[in-house]
Amino acid sequence: MDEKLDTELRRTDTVMAAMADGLVLYAADGKILYINPAAERLFALTSADAPAEEGLRNVSVFNANAKPIPPEQQPVARALGGEAISHEVLILDGPPPHPRRSVSVSAIPIRGADGNVDRVVATFVDVTRLQQMQVQRDDLLRVVSHDLRTPLSALLLQAQMLQRSLPPGDRNAKRVNTIVANGQRLAAMIRDLVEMVRLESGQFQLARKPIDVQTFITELVERLAGTLPTERLRLSFESRLPSLLADPDRLESVLANLLSNALKYSDAPAEVFMHSSCAAGCVGITVTDHGVGIPRQELPHLFERFYRTEANGRHEGLGLGLYIAALLVRAHGGRIEVESELGKGSVFRVHLPVDTEVAAPVPGSVSAPG
Ligand code: ADP
């Protein structure tokens, strides 16, 4: 063998042996030609398992919903048939010494000169710990969000009744108001958590209806008048706005969040502007405030889960409002953008396609890795 090729092969071998992820090379008939140490560890193979296929004989393969996958539908078999597999999560289980493992598999067919598949390279990443953590996180969020809601609602109801029953000027009014305000903040945080879990698990459907934008926004602002200083809002509408096909509750949640932030992060008497227009098949709804603004370096993270900016020091929520808003806008096939300058104010813009029959998938709804 030529010396250069030999050195190259040895180098490749060292790299594959050092890889943290499992790597297996299959021949066209499914025989294992090469298996790196990480894959041997993952499949609990020992020197007694020669050939390696022997050690894998008793390992059962399930999909992420714990349904058995027949041999011909398993990723490597499909790759041998010419399909490229990317980050498919499987559960592997077998009698000792094979522990139950969640594994993310990618498999690429390699074709020979005749165009037929003559090799498959597959990588196996152990995602067991990651999956366990995700399940624990979702369980915890579910418990926190649902079990906290009931006692809090009872508490809030009593506090509001007390608030209404106090005569004007009562010296306890301030205390009761504080209880109600903080109870409402807590309730809003729990509502965000519940909505986040629902959206991320994909357990939601948009109930779309034709919506007249001007009527919808005008009525929304009237409804918000009890909870937000809406007298600072200035609404404007381009004439002849087309109707939207959107879920009114979800659209309300998006717009209420933008309005509430704009009012929260700008001080009275500064006005907040909401303008609706139409361009390029989209209705654009813009919320502009002249408040504290957002540092430029934080803008790319604003729509991330639990993200709150460092600078303005007015933390009241969990940093989920804009994350949820972005998920909902994308589920409608639209997009959300922000422009801002520190100390000068912010502009949030929502674009919603006028005629969206098909919703785009919600990014982030799959919590599986890869
Ligand atoms: P929360 O649900 O906690 O209110 P959001 O996701 O709505 O959080 O907002 C995330 C962060 O973005 C907030 O912590 C706030 O600092 C910042 N932010 C949002 N809107 C504005 C705005 N109009 N002006 C300034 N900062 C804003």
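Here the structure is a predicted model, which means the values were calculated and not measured. For ligands, and for the atoms within them, numbers begin at 1 and follow the listed sequence.
Taking hydrophobic clusters as Ile, Leu, Val, Met, Phe, Trp and Tyr residues chained together by side-chain heavy-atom distances below 4.5 Å, Val221 shares a cluster with Val272. No path of Ile, Leu, Val, Met, Phe, Trp and Tyr side chains, each step under 4.5 Å between heavy atoms, connects Tyr34 with Val105, placing them in separate hydrophobic clusters. Hydrophobic clustering (side-chain heavy atoms under 4.5 Å, transitive across Ile, Leu, Val, Met, Phe, Trp, Tyr) keeps Leu259 apart from Val347. Taken together through direct or relayed side-chain contacts under 4.5 Å among Ile, Leu, Val, Met, Phe, Trp and Tyr, Leu233 and Phe273 form parts of separate hydrophobic clusters.
In terms of N/O distances under 3.5 Å, ligand 1 is approached by Gly321. In terms of N/O distances under 3.5 Å, ligand 1 is approached by Asp289. For ligand 1, the polar-atom distance check against Thr309 finds a nitrogen or oxygen pair separated by under 3.5 Å. When only interatomic distances are considered, the shortest N/O to N/O separation between Val292 and ligand 1 does not fall below 3.5 Å. Annotation: Gly293 places no N or O atom under 3.5 Å from an N or O atom of ligand 1; distance criterion only.
Close approach to Ile294 involves these atoms of ligand 1, each under 4.0 Å from a residue heavy atom: 25 (C), 26 (N), 27 (C). Distances below 4.0 Å separate heavy atoms of Tyr307 from the following atoms of ligand 1: 10 (C), 11 (C). With ligand atoms numbered from 1 in the order given, ligand 1 contributes 7 (O) to contacts under 4.0 Å with heavy atoms of Asn257.
Heavy-atom separations between Lys264 and ligand 1 include at least one value shorter than 4.0 Å. Ligand 1 has at least one atom lying under 4.0 Å from a heavy atom of Ser346.
Only the backbone of Leu320 comes within 4.0 Å of ligand 1, counting heavy atoms alone; no side-chain atom from C-beta on gets that close. Only the side chain of Phe348 comes within contact range of ligand 1, with a heavy atom under 4.0 Å; no backbone atom does. Residue contacts with ligand 1, taken as heavy atom pairs separated by less than 4.0 Å, involve Leu302 solely via side-chain atoms from C-beta onward.
Here the CD1-NZ distance, from Ile179 to Lys174, works out to 13.5 Å after rounding to the nearest 0.5 Å. Here the CG atom belonging to Leu328 is positioned 5.5 Å from the CD atom belonging to Glu195, to the nearest 0.5 angstrom. In this structure, the separation between CE on Met196 and CZ on Phe306 is 4.0 Å, given to the nearest 0.5 Å.
When Thr288, Asn261, Val347, Leu299 are ranked by how near their heavy atoms come to atom 7 (O) of ligand 1, first place goes to Asn261. The residue from Phe306, Phe303, Tyr323, Tyr265 that puts a heavy atom closest to atom 25 (C) of ligand 1 is Tyr265.
Between the side chains of Asn116 and Asp114, a donor-acceptor pair is found at a separation under 3.5 Å. A donor-acceptor pair shorter than 3.5 Å can be found between the side chains of Ser236 and His275.
Under the side chain to side chain donor-acceptor pair (under 3.5 Å) criterion, Asn172 pairs with Arg175, not counting sequence neighbours.
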